[in-house]
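Counting from 1, the numbers follow the sequence of the chain as shown. All values derive from a computational prediction rather than experimental measurement.
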Amino acid sequence: MAQVNDIDGYPLSRDFIDFNRLNLQHYLWKDVFGYNIHPKILQQGGLSKIADVAAGTGIWLLDVSSQLDPAPELLALDADITQVPPKEWCPPNFSIRSWDMFTEVPDDLIGQFDLVNIRLLVWVISDDPTPVLRNLIKLLKPGGYLQWGEVDIKSMQIETVSPGLPTGSLTALWEEVAASGTRFLPTWVKTLSQLFEREGLHSVEADWQKGKPHTAMAMQWCNLVVHQMVADRVREANTERAAKIDRLVLEAAAETRAGAIFGVRKVTVIGQKPANQ
């Protein structure tokens with residue numbers, strides 16, 4: 001198996017292929033849930049300042065910017081801000097700042113935001129998300145909302161359009177990459193809403209979705225490239241394992257074309273910071 005120790009740091013590529021994956025994934029995610037911002041948060045109103053943490057290409061904020069009137073102040077936060085378009089091509093209310101969510105929150109960002117969004121950190125936070133959660137809560141104004149979207153990797157089941165379709169390569173690929181250790185098979189997603197409550201957030205809700213079958217198929221194509229990125233990351237340290245993943249990705253793609261996919265549940269969890277904090 002491609003062991004977790006073969007990869008240090010961020011497990012994916014941060015190149016133009018991954019930028020395309022992130023942008024496509026955003027629109028597919030929105031199709032699954034039907035919103036960028038949970039309807040309960042929109043009903044509250046008063047979103048004058050919004051932050052997106054681990055913003056990647058900035059696509060979530062850039063999409064949100066065209067949907068809110070009056071336009072709020074938008075801040076993209078990420079350890080790597082080179083993925084975001086040049087500021088000259090972004091809306092005037094959009095800004096970018098380098099911040100690693102695993103480090104202390106800068107003093108000038110504490111208590112500043114009506115909404116903080118974060119999404120898809122399952123392969124970045126391998127064990128306990130509590131330290132990151134506490135940092136995100138620090139960013140919120142009293143009464144502000146945290147919105148966290150994740151994939152429950154542990155819920156994976158291979159789904160087929162009809163019984164009897166071959167799925168051996170999909171199974172082998174999953175076992176080689178996603179089941180190779182806690183780094184790629186985190187267990188904390190199912191407990192995220194409880195963690196929100198434990199850390200003092202109120203009005204916590206968890207919206208679990210799988211999405212329409214055709215959207216799930218599109219997400220499958222979007223995410224097969226992730227396995228190829230893992231192969232590229234382990235190639236120098238373990239050429240044999242990388243070659244095995246390369247082969248399995250091609251074989252899994254053939255099974256996908258025939259109508260077999262990785263089916264996983266997705267969740268958006270929201271919670272509100274008490275007004276007296």
Side-chain angles (χ1 to χ4, degrees), residues 1-12 14 22 25 29 33 38 51-56 60 76-80 97-107 109-113 115-140 144-156 174-175 177-209 223 226-227 229-230 233-234 262 264-274 277:
M1 288 188 177
Q3 299 299 317
V4 174
N5 291 336
D6 290 337
I7 300 178
D8 295 322
Y10 184 68
L12 305 181
R14 284 200 175 108
L22 290 171
Q25 180 177 255
W29 187 271
F33 285 92
H38 193 285
D52 188 24
V53 178
W60 182 84
L77 294 163
D78 204 308
D80 177 8
R97 180 163 170 178
S98 177
W99 175 58
D100 184 336
M101 63 187 176
F102 294 104
T103 65
E104 289 295 321
V105 179
D107 289 344
L109 295 181
I110 294 175
Q112 294 298 306
F113 298 95
L115 170 61
V116 171
N117 180 73
I118 191 167
R119 189 165 66 186
L120 298 174
L121 274 297
V122 285
W123 279 12
V124 178
I125 303 173
S126 61
D127 189 9
D128 182 7
T130 302
V132 171
L133 176 58
R134 289 173 178 169
N135 278 345
L136 299 175
I137 293 171
K138 288 179 183 178
L139 294 168
L140 292 172
Y145 273 91
L146 174 62
Q147 175 176 279
W148 192 326
E150 284 299 349
V151 172
D152 180 18
I153 302 294
K154 290 279 287 184
S155 72
M156 196 286 293
W174 189 265
E175 291 174 350
V177 177
S180 61
T182 57
R183 174 66 182 274
F184 295 105
L185 200 63
T187 60
W188 53 265
V189 173
K190 283 185 178 179
T191 67
L192 194 53
S193 58
Q194 293 97 311
L195 292 175
F196 272 41
E197 292 173 340
R198 190 187 71 186
E199 294 303 317
L201 295 178
H202 294 177
S203 303
V204 175
E205 294 187 16
D207 180 11
W208 286 93
Q209 300 288 342
N223 288 331
V226 168
H227 300 275
M229 291 177 192
V230 171
R233 289 297 306 274
V234 305
F262 297 130
V264 292
R265 299 178 70 214
K266 304 163 184 66
V267 66
T268 296
V269 181
I270 64 168
Q272 186 176 28
K273 189 174 184 177
Q277 286 190 7

Chemist: Just by distance, do the side chain of Lys266 and the backbone of Val151 share a donor-acceptor pair under 3.5 Å?
Modeler: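 No, Lys266 side chain to Val151 backbone: no donor-acceptor pair under 3.5 Å.
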Chemist: Might you work through the side-chain contact (heavy atoms from CB on, under 4.5 Å) test for Glu205 and Phe196, ending with a clear yes or no?
Modeler: CA-CA 9 Å; Glu205 294 187 16; Phe196 272 41; over 6 Å; no
Chemist: What verdict does the side-chain contact (heavy atoms from CB on, under 4.5 Å) test give for Thr130 and Arg198, after you've listed the backbone C-alpha separation in whole Å, the side-chain angles of each residue and the deciding distance to 0.1 Å?
Modeler: CA-CA 10 Å; Thr130 302; Arg198 190 187 71 186; 2.7 Å; yes
Chemist: I'd like to know if the side chain of Ser155 and the backbone of Arg265 have a donor-acceptor N/O pair within less than 3.5 Å.
Modeler: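 Yes.
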Chemist: Say whether, by atom type as modelled, one donor and one acceptor occur between the side chain of Trp188 and the main chain of Val122 under 3.5 angstrom.
Modeler: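 Such a contact is absent between Trp188 side chain and Val122 backbone.
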Chemist: Under 4.5 Å between any side-chain heavy atoms of Trp174 and Ile153, yes or no?
Modeler: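 Yes - at least one pair of side-chain heavy atoms lies under 4.5 Å apart.
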Chemist: Leu195 and Pro129: which non-hydrogen atoms are nearest, and at how many Å?
Modeler: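 For Leu195 and Pro129, the tightest heavy-atom pair comes out as CD1-CG, 3.5 Å.
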Chemist: Calculate, to the nearest 0.5 Å, the distance between atoms CG and CG belonging to Leu192 and Leu133 respectively.
Modeler: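 Here the rounded value is 7.0 Å.
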Chemist: Apply salt bridge (charged side-chain N to carboxylate O under 4.0 Å, His left out) to Arg97 and list each qualifying residue two or more places apart in sequence or on a separate chain.
Modeler: Asp108
Chemist: What's the spacing between Gln272 CD and Leu140 CG if we round to 0.5 Å?
Modeler: 9.5 Å
Chemist: Do the side-chain N and O atoms of Arg119 and Thr268 include a donor-acceptor pair separated by under 3.5 angstrom?
Modeler: no
Chemist: Can you confirm whether or not the ring centre of Phe262 sits under 6.0 Å from the ring centre of His227?
Modeler: yes
Chemist: What is the minimum heavy-atom distance between Ser193 and Val269, and which atoms define it?
Modeler: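 Shortest heavy-atom separation between Ser193 and Val269 comes out as CA-CG1, 3.9 Å.
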Chemist: Using a 3.5 Å distance criterion without hydrogens, assess whether the side chain of Asp78 forms a donor-acceptor pair with backbone atoms of Gly56.
Modeler: yes
Chemist: Can you confirm whether Val230 sits close enough to Arg233 that some side-chain heavy atom of one is under 4.5 Å from a side-chain heavy atom of the other?
Modeler: no
Chemist: Say you draw a straight line from CG of Asn117 to CG of Leu77; how long is it, rounded to the nearest 0.5 Å?
Modeler: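 Output value for this atom pair is 11.5 Å.
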Chemist: Within a strict 4.5 Å, meaning less than it, do heavy atoms of the Val53 and Phe113 side chains meet?
Modeler: no
Chemist: I need the single residue from Val132, Val189, Leu120, Val267 that forms a side-chain contact (heavy atoms from CB on, under 4.5 Å) with Trp148. Which is it?
Modeler: Val132
Chemist: Mind running side-chain contact (heavy atoms from CB on, under 4.5 Å) on Met101 and Ile118 for me, showing each step along the way?
Modeler: CA-CA 10 Å; Met101 63 187 176; Ile118 191 167; 3.9 Å; yes
Chemist: Are Leu139 and Gln112 packed together at the side-chain level, in the sense that at least one heavy-atom pair is separated by less than 4.5 angstrom?
Modeler: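 The answer is no; the side chains never approach within 4.5 Å.
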Chemist: Quick one: side chain to side chain contact (heavy atoms under 4.5 Å, CB included) partners of Glu197, sequence neighbours excluded?
Modeler: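 Glu197 satisfies side chain to side chain contact (heavy atoms under 4.5 Å, CB included) with Val204 once adjacent residues are dropped.
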Chemist: Run the side-chain contact (heavy atoms from CB on, under 4.5 Å) test on Val116 and Tyr145 for me, step by step, so that the C-alpha distance in whole Å, both residues' side-chain angles and the decisive distance to 0.1 Å come before the verdict.
Modeler: CA-CA 6 Å; Val116 171; Tyr145 273 91; over 6 Å; no
Chemist: Using a 3.5 Å distance criterion without hydrogens, assess whether the side chain of Lys273 forms a donor-acceptor pair with backbone atoms of Ile137.
Modeler: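 Yes.
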Chemist: Would you name the heavy atoms of Ser98 and Ala79 that are closest together and state the gap between them?
Modeler: OG-O, 3.7 Å
Chemist: Can you tell me how far the NE2 atom of His38 sits from the CG atom of Asp207, to the nearest 0.5 Å?
Modeler: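 Between atom NE2 of His38 and atom CG of Asp207 there are 5.0 Å.
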Chemist: About how many Å separate CD1 of Ile110 and CD of Glu104, when rounded to the nearest 0.5 Å?
Modeler: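 Separation between the atoms: 8.0 Å.
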Chemist: Which value, rounded to the nearest 0.5 Å, describes the distance between Phe102 atom CZ and Ile125 atom CD1?
Modeler: 5.0 Å
